[in-house]
Structure formats: structure tokens, C-alpha cells
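Each remark here refers to the structure printed beneath this line.
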Amino acid sequence: MSKYIFVTGGVVSSVGKGITVASIGTILKSRQITVSVQKLDPYLNVDPGTMSPYQHGEVFVTQDGAETDLDLGNYERFIDVNLTAESNATSGQVYSAVIAKERRGDFLGGTIQVVPHVTTEIKERFKQLAQKSQAEVIIIEVGGTVGDIEGQPFLEAIRQMRNDVGRGNVLYVHVTLLPYLTSTQELKTKPTQHSVNELRRIGIQPDIIICRSDQPISEGIRDKISLFCDVEREAVISLPTVSTIYEVPLILEESGLGQLVVDKLGLTARLADLSQWQELVTRLKTPREPVNIALVGKYVELKDAYFSVREALQHAALYHTRDVNLIWVHSEDLEGDGSEAPLHTAQGIIVPGGFGIRGIEGMIKAANYARNNEIPYLGLCLGMHVMVIEFARYVLGLTEANSTEFDVSTPYPVIDLLPEQKETENMGGTMRLGNYPCQLVQGSLAAKAYGQSLVYERHRHRFEFNNQFRTQLQEAGMVYSGLSPDGKLVELCELANHPWMASCQFHPEFGSRPSHPHPLFRDFIDVAKNILREGAQPPLPLSS
Ligand code: GLN
């Protein structure tokens, strides 16, 4: 039977609860303990797929096609697992399921209530994941902070679990923030005390408190939290802010968290082996020469909107012992008379995914700049649409070429809806989602990058390359380097007369891991790192 670790957050959000959960997974996995992870999101949307990136940050897509919280990306990257739809549960899903059962008559005669019906449905989801994954430990992160109205049914459900599965099989971890007061130069514990009080009020006594702060906590602070919150001294864990998120598992391990969890849950475990992780962090912390990459998107004010893209670039750069210097370019700023200057120092340009017309012309301008100046370009989903439109307009002279997403009456719809998407009425969960096969074409940049002939990649889009234009674009120099196995869908395209301009219809960023960068990102950075840009000095010969 699986054991459960429930992780709640206190004081404020955005203190790195997701990274903490991912790191707990890493340190358990390093002891050969099998783990699976679940994120509970208290909002009423069924999934984040219909939310703006400004509201939610990136939407992470699992292999089985679920649109999920970006924390799942961190879980996958840290624990090196491929998660499934069961790893993200929202209030929207829970309430829809309960109401569907009520309509079916499953509860005939009864009054449907938050306790027990909603809480039972929530607990069902914990158990389903345990059943499906067969993991020894299931780590469950409750989204939001303790005290949020929406989070209450989830907290009540996790409280009930201790009785349901036995006290020795459940652990409550509370991640909290200790604010620092510059005037008195001290970390304050009062907000943590309040947040633990709030947890206790609903019947949850945390077993472990992880204290996020800008500096390590002192012994005095540890004693105080231990005393006021009734948690053993060694279960008050200090997690200071670090320069790379990948260091968090090492800090938690060093502070004894791994052993503590093993002891408290009575797990049988091997000795922790975090040597590879240690090596990764050492490499990440070693100064490396930067590669300038311009990320041209429309949500650039909110960096979390491109979380996986950023990570994938970082992984690829590390592979080449380089660092990524991201130049965030707001695509709207390139439009009209907008200057291309932000692109001048870029050694590579990446246009990531996105939806809607805003900023599209700026992205097309960036693709045009990359093509004309032979700057490496990687287009991800929307970035591929943009590359195709640019090529049709400026190489073939089809000046009004567009995607029907942005201009329904364009005479040259080089990107269009698939016939089955034309019938779709609902917006939620109806895109082409999750893993689809892609057959690579020998001799292409993509085939060289992957070193395989068939790959599976994660999708999230409605619009596709329009086959009516295939021959015309091909004759002008576009190469279709990846196709669906039936040959009907263009999955990857690249340019014949360019050092490295390639785009994919899927999202390779979701599959990148710190120790295995995604092949497309890896080769993109490989070419970009050798591009000499404005203001840069050629390397001096070391000896004559
Ligand atoms: N908006 C485009 C589509 O729906 C691209 C989506 C994306 O970039 N994920 O097809």
C-alpha cells in the first residue's frame, strides 16, 4: 500500500512549494523509493487549458494529453518520470464528477455535501493515483495557501486521510515563508505560527515545517518554531533562497529531510545517492560563457509563461558548457516601426507557443530577421506557424499569407484548422493534445538531432500546416523533416538554405530534462553558440 506525503503552503504563495515537492521526490528516488506526485488545484476551472498564461503561467502537457499546472513540469524534470492526467486534480474536476454522479442518481435520496461527497471524491483521486502508479510514496501538493476559501475541501480531505490509511502512513509537510525585517535585521516566525494555527484549527498538525527565507535560519529561530508549532527540532528545515532551483534537493538532503521522511513513514530505503545531482549542480554553478538567445513572445512580462522553454534552453546550454543569456523580446515591440535592435545581439531566436493574433506580426518579423541574417531559429508550435507564414510571404511573395487563426479570410491560408477541429464547439480540452508519432526524414537537421527515425512528442494546438501549399513551399526551399506516419501532417519543417532554421508543430520543451536536453534544443544551442553577433569579439588565438 502506498504512503502519502501531503504538502501545504503557508503565509504566501510563490515560495517554491512545487520545487520543494519535486525535491522531496528526488531525494526519495535517490534512495530507490518509488514515488508519484499529484498537484491539487483549488480553482473551479476543469484544467488550466482555458486560462490565460497571465493568470496561470505555462500550461504543462502530459504525454497522455492532459493540460496541467506547470508544477508538473518541475516534478517531471526533477524526478525524471512521465506523469499522467491523474497527477493534477482541480476543484472543477472534482465538482463536475460529483454533480455528474448526482445527476446519474448515484446518491438517490441523499443531500450532496462538501463533506463527505466532495471530500470522498478528492480522496478517490489520491487512491486512483496510488493504484495506477503502484508507487511506494505519493506526494500530494495542495495548491494555494492555508486559509484560502477554495482550498478547504482539499485540506479536509487530506486531514481525513490520516484516519483512513493509518497514522503511520501519512505525513504532513508545511512549507512557509519567514519574512526578513531589514530594520531589526531578523527573520520573523509569527506568520508561520499563525499559519500552523490555521492548519491545527482544521485538525492537521504538521510533522515537518520547511522554512523558506532569504538566509538560513538560526538555531534560535528553529527552537522557537519547534516550540510554538509543536514540531520536533530536527523537523524544522531551513530552505534558504538559492541561485539554481536544482540545488534544492541537495539542501533538503543535507538538512536531514530524506532520513526524517524515511523514519517517520517507516520506509525501507537504500542509502541516498545524489552524486549525479551533485555533479549537475556543480556544473550549473560553474561560470560558463553565455549564449544570447532572444525569446520572442507576447507573454514575456510573465516569465513563468515560458517555464519549460527556459528550462529546456538551460539544459541544452549546460550540455555545451554554456549559460543561456535570455533576451526577452515582447513581440509587439517589433511591430510597425518597432526596432529590431533587441535581436541584434541574439545568437539564436526562439519563438515559443501562443494563442491569438496579438503580437503575431512581431514574431513574423523575428522569423524574417532570422532567415535573412542566418541566425539560428527554433519555432515551437506557434513558432512553426510563424516561420511558415514568413516564408510564404517573403520567399514565395504571397504577401497576404496567414494562419486562419489570425485572418479567417486570407487568400493563402498556409496554416489552417484540421477538418475535425472545424466541427469543435467547446474550447476546453479539445485541441490536439499529448503524444503523437513523428517520422523523421533522413538527412534533415531534425533526423540528425534525434538520431532516430520515429519519435513521440507532446502536442497542444488546433491549427496545422495546410497541405495545399506543401509543394509550392517545398519548391522554394522548405524541407518537411518530420511527418505523421501516414504522411498527412507536417510535424517538423526546416529551411534548406539556412544554417539552422527549424520548427516543430509539437512542444519539445516538455520532454527536456536537466541530464538529457531535448535534441532540438541541444542542436539549436550548438549552432547558436558559434554565431558571432554585434558587439561580440572574435576569440583571440591563445598561441601564435
Ligand atoms: N495557436 C496555435 C494553435 O492553436 C498554436 C498553439 C501553440 O503554440 N501551442 O494551433
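Every number for a ligand or one of its atoms is a count from 1 in the order of the listing. The basis for the numbers below is simple: all heavy atoms, side chains too, and nothing from hydrogens, waters or symmetry mates.
- Nearest protein heavy-atom neighbour of atom 9 (N) of ligand 1: Arg460 O, 2.8 Å.
- Both the backbone and the side chain of His461 come within 4.0 Å of ligand 1, judged by heavy-atom distances.
- A cation-pi geometry, defined here as NZ or CZ lying under 6.0 Å from the six-membered ring centre and within 45° of its normal, does not hold between Arg310 and Tyr306.
- You'll find the ring centres of Phe6 and Phe126 inside the 6.0 Å limit.
- Scanning the protein heavy atoms around atom 4 (O) of ligand 1, the nearest turns out to be Arg462 N, 3.1 Å.
- The side chain of Glu405, and not its backbone, has at least one atom closer than 4.0 Å to an atom of ligand 1 (non-hydrogen atoms only; side chain from C-beta on).
- With Tyr436 as the aromatic partner, Arg432 meets the cation-pi criteria of under 6.0 angstrom to the ring centre and within 45 degrees of the ring axis.
- Other residues, nucleotides and ligands place more than 12 heavy atoms under 6.0 Å from the CG atom of Asn372.
- For the pair His385 and ligand 1, the shortest N or O to N or O distance does not fall below 3.5 Å.
- The local environment of NZ in Lys285 is sparse, with at most 12 non-hydrogen atoms from other residues, nucleotides or ligands closer than 6.0 Å.
- Phe510 has its ring centre less than 6.0 Å from the ring centre of Phe60.
- Taking only nitrogen or oxygen atoms, main chain and side chain alike, Gly354 reaches within less than 3.5 Å of ligand 1.
- Scanning the protein heavy atoms around atom 10 (O) of ligand 1, the nearest turns out to be Phe463 N, 2.8 Å.
- Tyr450 and His518 have perpendicular rings, their planes meeting at more than 60° on a 0 to 90° scale where under 30° would count as parallel.
- In this structure, the protein non-hydrogen atom closest to atom 7 (C) of ligand 1 is Cys381 SG, 3.1 Å.
- With ligand atoms numbered from 1 in the order given, ligand 1 contributes 8 (O) to contacts under 4.0 Å with heavy atoms of Gly353.
- Taking 4.0 Å as the cut-off, Met431 does not count as a neighbour of ligand 1 on heavy-atom distance.
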